[in-house]
Amino acid sequence: MLLHRSPRLWALLAVAVTVSAAGCSSSSSPSSSSPSSSSATASASTAAKHYTIAYVPGATGVAFYDTLLAGMKAKAATLGMSVIYQGSPDFAPAEQTPIVDAVCTKHPNVLIVSPTDPVAMAPAINTCLSAGIPVITVDTGMTNTSQLTSAITTDNDQGGTIAAQYVGQALGGKGQVALMSLSPTATTQVERISSFEKEIKSAYPGITIIPVQYTAQATSDSETVARSILAAHPGVKAFFGSAEPNAEGVAAALKALGLTGKVLDVGFDASPAEVALLKSGGINATIAQPAAEEGADAAQFAYDKLTGDTGGITASVQLPDVLLTSADASQASYTKYFYIP
């Protein structure tokens, strides 16, 4: 079943956490509610046992994953657990597979992972499962989820749809829109692009969509791709990028070409760089995700799995996304959606 909840737990980021690399595991109930009485009983009975969570992100050096990790560590700390963290700077299964393999040889109590591909990452993840290590996915997911403890993400269909509505209204239902993404297979990327295209085609038939272009993780690559798109399609009036570096790269391209404010730049996530660009008008809007809440939920579910309190675990969780505009970025009420530096 799917669980929809409002963004919260941003206060968890204020919790100072000291993480031991030799620590044990993690798990707990959804971050939206207090632990049940059965969880409290389990906690008391396992107080002497220490657990370690291992988290492998889609890529390192990404504000979204850093914020998710902070939420995970904060929740794990309240449960007396440790988190180890290891990843690659490149969002690619060829880079992530050996990391998952290496992490699982250390036999953490639970593996939490953001898969870079829903099929290509299956062998490495299945190796962990076969070794008796419970697996939880966060952000991106797997095609086969039958053996996972939980799959936690945000409502990417909703995110793509509200981004399309913003673009469609801003363009008055006319013009060309260019799409950019990090991956043709990662579940979050596919869902965001697909829902954006679907909404534009059904609600704004006067808008022409240029086929999606894929980029590497580096922001500079998104800038290069954006420049190429504009050279080939000078009539483009808006960009939608489905990942953090896309909007940042587009903003750099538009600034260099003197097109800031003339071509819309709409992205995903709320990294410090994106928020700064929102405030300055370099980015027009972005879709923020409750990253810390994803991490906290994963830690809670991991703890529940390890302590046998599985009644509080939800197999599939979708948290709502939030549209942030340039006007919103300067309002105090929206700062809770910003990712950590």
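In what follows, every heavy atom counts, from backbone to side chain, and hydrogens, waters and symmetry copies are set aside.
- A donor-acceptor pair under 3.5 Å links the side-chain atoms of T187 to the main chain of G141, judged by distance alone.
- Remark: of the listed residues N156, D155, T67, N156 is the sole one forming a side-chain contact (heavy atoms from CB on, under 4.5 Å) with Q289.
- Looking at V110 and F301, their side chains never come closer than 4.5 Å, going by heavy atoms from C-beta outward.
- In this structure a side-chain-to-backbone donor-acceptor pair under 3.5 Å is present from S228 to T224.
- For the atom pair CD1 (I340) and OG (S271), the distance works out to 11.5 Å, reported to the nearest 0.5 Å.
- Through direct or relayed side-chain contacts under 4.5 Å between Ile, Leu, Val, Met, Phe, Trp and Tyr, V119 connects to no other residue.
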Query raised in the report: For Q189 and S183, what are the C-alpha separation, side-chain angles and deciding distance, and is it a side-chain hydrogen bond (donor to acceptor under 3.5 Å, both in side chains)?
Result: CA-CA 6 Å; Q189 304 291 299; S183 168; over 6 Å; no
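- Partner of S88 under the side-chain contact (heavy atoms from CB on, under 4.5 Å) criterion, out of T60, I99, T97: I99 alone.
- With hydrogens and angles ignored, the 3.5 Å screen pairs a side-chain donor or acceptor of Q96 with a backbone N or O of T116.
- Under the disulfide bond (SG atoms under 2.5 Å apart) criterion, the residue pairs touching residues 109-156 are C104-C128, with sequence neighbours excluded.
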Practice item. Please report the C-alpha distance between H50 and S82 in whole Å, then the side-chain angles of each, then the deciding distance to 0.1 Å, and finally whether the side chain to side chain contact (heavy atoms under 4.5 Å, CB included) criterion is met. Key: CA-CA 8 Å; H50 190 73; S82 299; 2.6 Å; yes
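- Of the residues listed (L111, V317, I313, I112), the one engaging I136 in a side-chain contact (heavy atoms from CB on, under 4.5 Å) is I112, and it is the only one.
- In the hydrophobic clustering of ILVMFWY residues, with side-chain heavy atoms under 4.5 Å counting as a link, V113 and Y65 come out apart.
- In this structure a side-chain-to-backbone donor-acceptor pair under 3.5 Å is present from D265 to A251.
- Distance OG1/T325 to CD1/I283: 12.5 Å, rounded to 0.5 Å.
- Across G160 and S195, no two heavy atoms sit closer than the pair CA-OG, 3.2 Å.
- The hydrophobic clustering, which links ILVMFWY residues whose side-chain heavy atoms are closer than 4.5 Å, places V56 and L148 together.
- Here the CD-CG distance, from Q165 to L323, works out to 9.5 Å after rounding to the nearest 0.5 Å.
- For the pair E244 (side chain) and A63 (backbone), a donor-acceptor distance under 3.5 Å is present.
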* **Intermediate values then yes/no, side chain to side chain contact (heavy atoms under 4.5 Å, CB included), V62 and F91** => CA-CA 10 Å; V62 177; F91 189 94; over 6 Å; no
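- When side chains are defined from C-beta on, Q86 counts as touching K106, because their heavy atoms get closer than 4.5 Å.
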**Request:** Please step through side chain to side chain contact (heavy atoms under 4.5 Å, CB included) for the pair D328 and Y337, ending with a clear verdict.
**Result:** CA-CA 11 Å; D328 299 329; Y337 301 115; over 6 Å; no
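- Every residue two or more places apart in sequence or in another chain that forms a ring-ring contact (aromatic ring centres under 6.0 Å, His included) with F240 is listed here: F196.
- Using a 4.5 Å cut-off between side-chain heavy atoms of Ile, Leu, Val, Met, Phe, Trp and Tyr, with links allowed through other members, V266 and I229 fall into different hydrophobic clusters.
- For T153 (side chain) and Q318 (main-chain N/O), no donor-acceptor pair under 3.5 Å exists by modelled atom type.
- With rounding to the nearest 0.5 Å, the separation of CD in E274 from CZ in F338 is 11.0 Å.
- Under the 4.5 Å side-chain criterion, counting only non-hydrogen atoms from C-beta, P245 is in contact with L182.
- In this structure the side chain of L254 reaches within 4.5 angstrom of the side chain of L230, judged on heavy atoms.
- Linking ILVMFWY side-chain heavy atoms closer than 4.5 Å, directly or via other members, places V263 and M180 in a single hydrophobic cluster.
- Tracing side-chain contacts under 4.5 Å through hydrophobic residues (I, L, V, M, F, W, Y), one never reaches V275 starting from F239; they form parts of separate clusters.
- For the residue pair K75 and A296, the shortest heavy atom distance occurs at CG-O, 3.5 Å.
- The shortest heavy-atom contact between N246 and G241 is CB-CA, 3.6 Å.
- Panel note: side chain T105, backbone A102; a donor-acceptor pair is recorded below 3.5 Å.
- Side-chain contact check for F268 versus T188: every heavy-atom pair is 4.5 Å or farther apart.
- Proximity of a side-chain donor or acceptor of T140 to a complementary backbone N or O of P115 within less than 3.5 Å is detected.
- Going from atom CD1 of I200 over to atom OG1 of T161 covers 10.0 Å, rounded to the nearest 0.5 Å.
- For the side-chain contact (heavy atoms from CB on, under 4.5 Å) with Q176, the lone residue among T208, L171, I207 that qualifies is T208.
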| task | Any chance you could lay out the side-chain hydrogen bond (donor to acceptor under 3.5 Å, both in side chains) test for N144 and S146, step after step, and finish with the verdict? | result | CA-CA 6 Å; N144 183 354; S146 61; 2.8 Å; yes
Go through the steps for Y339 and D66 under the test side-chain hydrogen bond (donor to acceptor under 3.5 Å, both in side chains), then give the verdict. CA-CA 8 Å; Y339 300 167; D66 291 344; over 6 Å; no
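- For the atom pair CD of E197 and CG of L179, the computed distance is 5.5 Å after rounding to the nearest 0.5 Å.
- The shortest side-chain heavy-atom distance between S222 and E248 does not fall under the 4.5 Å cut-off.
- Contact between V103 and A54 at its shortest, heavy atoms only, is CG1-CB, 3.4 Å.
- Across all their heavy atoms, V177 and V167 have their closest contact at CG2-CG1, 3.9 Å.
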Exercise for the section: Start with the C-alpha distance between E294 and F64, add both sets of side-chain angles, then the distance that settles side chain to side chain contact (heavy atoms under 4.5 Å, CB included), and finish with yes or no. Expected result: CA-CA 10 Å; E294 285 192 57; F64 169 79; 3.5 Å; yes
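- For the residue pair A178 and I210, the shortest heavy atom distance occurs at CA-CB, 4.2 Å.
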Next item on the list: Mind running side-chain hydrogen bond (donor to acceptor under 3.5 Å, both in side chains) on T154 and D321 for me, showing each step along the way?
Entry: CA-CA 6 Å; T154 64; D321 293 323; 3.0 Å; yes
